[in-house]
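Down below is the structure, laid out as structure tokens.
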Amino acid sequence: MTRIASERIAPLNDRAVKPRDYVLYWMQQSQRPAWNDALDFAAERANKLRQPLLVAFGLTDDYPDANARHYRFMLQGLRETQAALETRGIRMVVQRGSPERVALDLARHASLVVCDRGYLRHQRQWRDAVADGAGVQVVEVEADAVVPVEVASDKLESAARTLRPKIERQLDRFLVKPRAVSLRKDSLHLQPPGIDLGDVDAALASLKIDRTVPPSPLFTGGPLQAEKLLRRFITRKLPRYDAHRNQPQTDDVSYMSMYLHFGQISPVRVALAVRGAEAGDNSAAFLEELIVRRELAFNFVWHCPQYDTFDCLPAWAKATLQQHQRDKRPHRYSPAQLDAAATHDPYWNAAMNEMKHTGYMHNHMRMYWGKKILEWSRTPQQAYAAALALNNRYFLDGRDPASYANVAWLFGMHDRPWPQRPIFGTVRSMTASGLKRKCDIEAYVAKVNRLTASLTTHPAGTSRS
DNA sequence: ATCGGCTCGCGCAA
DNA sequence: TGCGCGAAGCCGAT
């Protein structure tokens, strides 16, 4: 029987399993062929029902806030996942259309539908629509959190410190390596129509999507690349992680966030690998971010319906920011000026350029970057919208629960009050002098300048790896 | 270089 | 009810 923790598995409707043509795994979040509990669960059910397993992904042109940068990274991963599943005798089809329509269409011939999990508004709506519209049982399997959100906590947590002990006491149960499931029945004879991903750029060109942001010239999507970067992180960077995680001039970060965002790597796999490296405080510091902070973000978007607006903030933060709404702003920039990285602040401009040209920004600079948007916008509400829009537009890991929590943190979420300052009130501020004091910020600026210069010389498309 | 003060609310001990 | 303390804060005093 299954070794998947029962709390990962939840029927979304009370319909029966029916004797039809295949078990359908509607893959939408967990876009990977291994360390995928949703896939494994579907495979086990298919074996038990003596049916083939069909995997399907719904590729919509209208994914909220997505552009060519996100789509290419995702298609690179889907192509690889499709090929990997085929070698195991599993047909995976990528169909053009709104995900819930694609799933419902293929569900008409399915005995059972298995899906993975997403916490954002639209992801929940898609799953509700499939649970409602499918004529058979729909079962959701959580494969992208270490501790399923409602197991960790039944309420909106106010800070990491309140969630941390709840997560930690569940780790033994949920940090386990899955057992590979082999399929009794091949499904390669199933030939539903689908997009040919053989040429990712051709597939990309066929989509009607926002192309105003080009693909990242630096980062390649896919589970194999995620594994490669994970191994590189553990051998070369983890030994300095604790000391360097707030040092943006270094490269001692994992780059896992974008792969986690697209489900191209399992957080359980990453956690076990890092824990197994036995790097002491370094492992602990990384696991805090990977598990506690990331799953605090899941808790946030799950329990707070207004997760993408100023209204989600705790009462003290909203009150203090509103009290300082009329404070004089010595510097004021419009969203367009921010987007152009054309401010008076060379540190901020460097961060904006890193984000814009690579699809990534060092963690420490994300805080400074966002705090300055609050300081330089006409109102905190406008700052909130501007920070979130830029975040979701340029980051490969944008549009993730972690993005919404990170932006909210800039405005006081999951934080505590600090001394009164103009504009910020008691919300934590950050300053250029702080950057100078704590890290080699000039080296960071130089690093970004080198990077953007080399990317201009060797433009997009010639990605590394 | 290091330290204290600033400031609020949660959770736990009493 | 009181108390300690918290994602990476800042600033001025020593």
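Residue numbering restarts at 1 for every chain, and letters A, B, ... go by the order of the sequence lines. Atom set for the values below is all heavy atoms of this structure, side chains included, hydrogens, waters and symmetry mates excluded.
One finds no side-chain N or O of A:Arg437 lying less than 4.0 angstrom from the OP1 or OP2 phosphate oxygen of B:dA1. Taking 4.0 angstrom as the limit, A:Thr431 places a side-chain polar atom (N or O) nearer than this to OP1 or OP2 of C:dC10. Taking side-chain N and O atoms only, A:Thr426 has no distance below 4.0 Å to OP1 or OP2 of B:dC8. For the OP1/OP2 pair of B:dG11 and a distance below 4.0 Å, the side-chain nitrogens and oxygens of A:Lys155 include at least one atom meeting the criterion.
Considering only heavy atoms from C-beta on, A:Tyr360 comes within 4.5 Å of A:Arg366 through its side chain. At a threshold of 4.5 Å between non-hydrogen side-chain atoms, the residues A:Ile265 and A:Trp35 do not count as touching. Side-chain contact between A:Tyr368 and A:Asp345: present, with at least one pair of heavy atoms (C-beta onward) separated by less than 4.5 Å. Counting heavy atoms from C-beta on, the side chains of A:Pro380 and A:Gln325 come closer than 4.5 Å. Residues A:Gln31 and A:Met74 meet the side-chain proximity criterion, which asks for heavy atoms closer than 4.5 Å. Between A:Leu260 and A:Asp144 the shortest side-chain heavy-atom distance does not fall below 4.5 Å.
Within a 6.0 Å radius of CZ in A:Arg378, no more than 12 heavy atoms belonging to other residues, nucleotides or ligands are found. Annotation: A:Arg275, atom CZ; neighbour count of heavy atoms from other residues, nucleotides and ligands within 6.0 Å does not exceed 12.
Checked against the 6.0 Å centroid criterion, the rings of A:Tyr444 and A:His362 do not qualify as a close aromatic pair.
Of the candidates C:dC11, B:dG11, C:dA8, B:dG11 carries the atom nearest the A:Glu157 side chain, counting heavy atoms from C-beta on. Of the candidates C:dA7, B:dT7, C:dC10, the closest approach to any side-chain atom of A:Gln420 belongs to B:dT7. Taking every side-chain heavy atom of A:Thr162 into account, B:dG11 is the closest of B:dG9, C:dA7, B:dG11.
Per the geometry, CH2 belonging to A:Trp418 stands 14 Å off C1' belonging to B:dG9, to the nearest Å. A:Trp316 has its CH2 atom 9 Å from the P atom of B:dG9, to the nearest Å. To the nearest angstrom, C1' of C:dA8 lies 6 Å from CZ of A:Arg428. Distance, A:Asn246 CG to C:dA7 P: 14 Å, rounded to whole Å. Rounded to an integer number of Å, the gap from CG of A:Leu156 to P of B:dC10 is 10 Å. Atoms CE (A:Met361) and P (C:dA8) sit 19 Å apart, rounded to a whole Å. Straight-line distance from the OH atom of A:Tyr241 to the P atom of C:dA8: 14 Å, rounded to whole Å.
Across all strands, A:Glu288 comes closer than 4.0 Å to no nucleic acid atom at all (heavy-atom distances). A:Arg245 comes within contact range of at least one nucleobase, with a heavy-atom separation under 4.0 Å.
Atom name P, nucleotides B:dG4 and C:dG4: the rounded distance is 15 Å, in whole Å. Rounded to the nearest Å, the gap between the C1' atom of B:dG11 and that of C:dA8 is 23 Å. Nucleotides B:dG9 and C:dC10 place their P atoms 23 Å apart, quoted to the nearest Å. Comparing B:dC3 with C:dC5, their P atoms are spaced 16 Å from each other, to the whole Å.
Shown for residues 362-386 of chain A: no residue has heavy atoms falling under 4.0 angstrom of DNA chain B.
A tilted orientation is assigned to the rings of A:Tyr255 and A:Phe219, their planes being inclined by 30° to 60°.
A salt bridge links A:Asp116 with A:Arg127: the distance from a Lys NZ or Arg NE/NH1/NH2 to an Asp or Glu carboxylate oxygen falls below 4.0 Å.
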Taking N or O atoms only and anything under 3.5 Å, show me the protein contacts with nucleotides 1-6 of chain C, one pair per line.
none

Between the protein and nucleotides 2-5 of chain B, are there any N/O to N/O pairs under 3.5 Å, and if so, what are the atom names and distances?
none

Polar atom pairs between nucleotides 12-14 of chain C and protein, under 3.5 Å, N or O only, would you list them?
none

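When every heavy atom of A:Arg329 is checked against every heavy atom of A:His324, the shortest pair comes out as NH1-O, 3.2 Å. Closest approach of A:Phe262 and A:His70 over heavy atoms only: CZ-O, 3.8 Å. The two residues A:Thr426 and A:Gln420 come nearest to each other via the heavy atoms CG2-NE2, 3.4 Å.
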Run A:Glu354 and A:Tyr394 through side-chain hydrogen bond (donor to acceptor under 3.5 Å, both in side chains) and show every step you take. CA-CA 10 Å; A:Glu354 183 182 23; A:Tyr394 290 116; over 6 Å; no
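For the residue pair A:Thr162 / A:Glu157, a side-chain donor-acceptor distance below 3.5 Å is found, with atom types taken as modelled. Counting only N and O atoms by type, the side chains of A:Glu227 and A:Tyr259 include no donor and acceptor under 3.5 Å apart.
Taking a pair as Watson-Crick or G-U wobble with both distances under 3.5 Å, the runs of three or more consecutive pairs in DNA chain B are B:1-6 with C:9-14, B:8-13 with C:1-6.
A:Asp400 is linked by a side-chain contact (heavy atoms from CB on, under 4.5 Å) to A:His261, A:Ala402, A:Ser403, counting only residues two or more places apart in sequence or in another chain.
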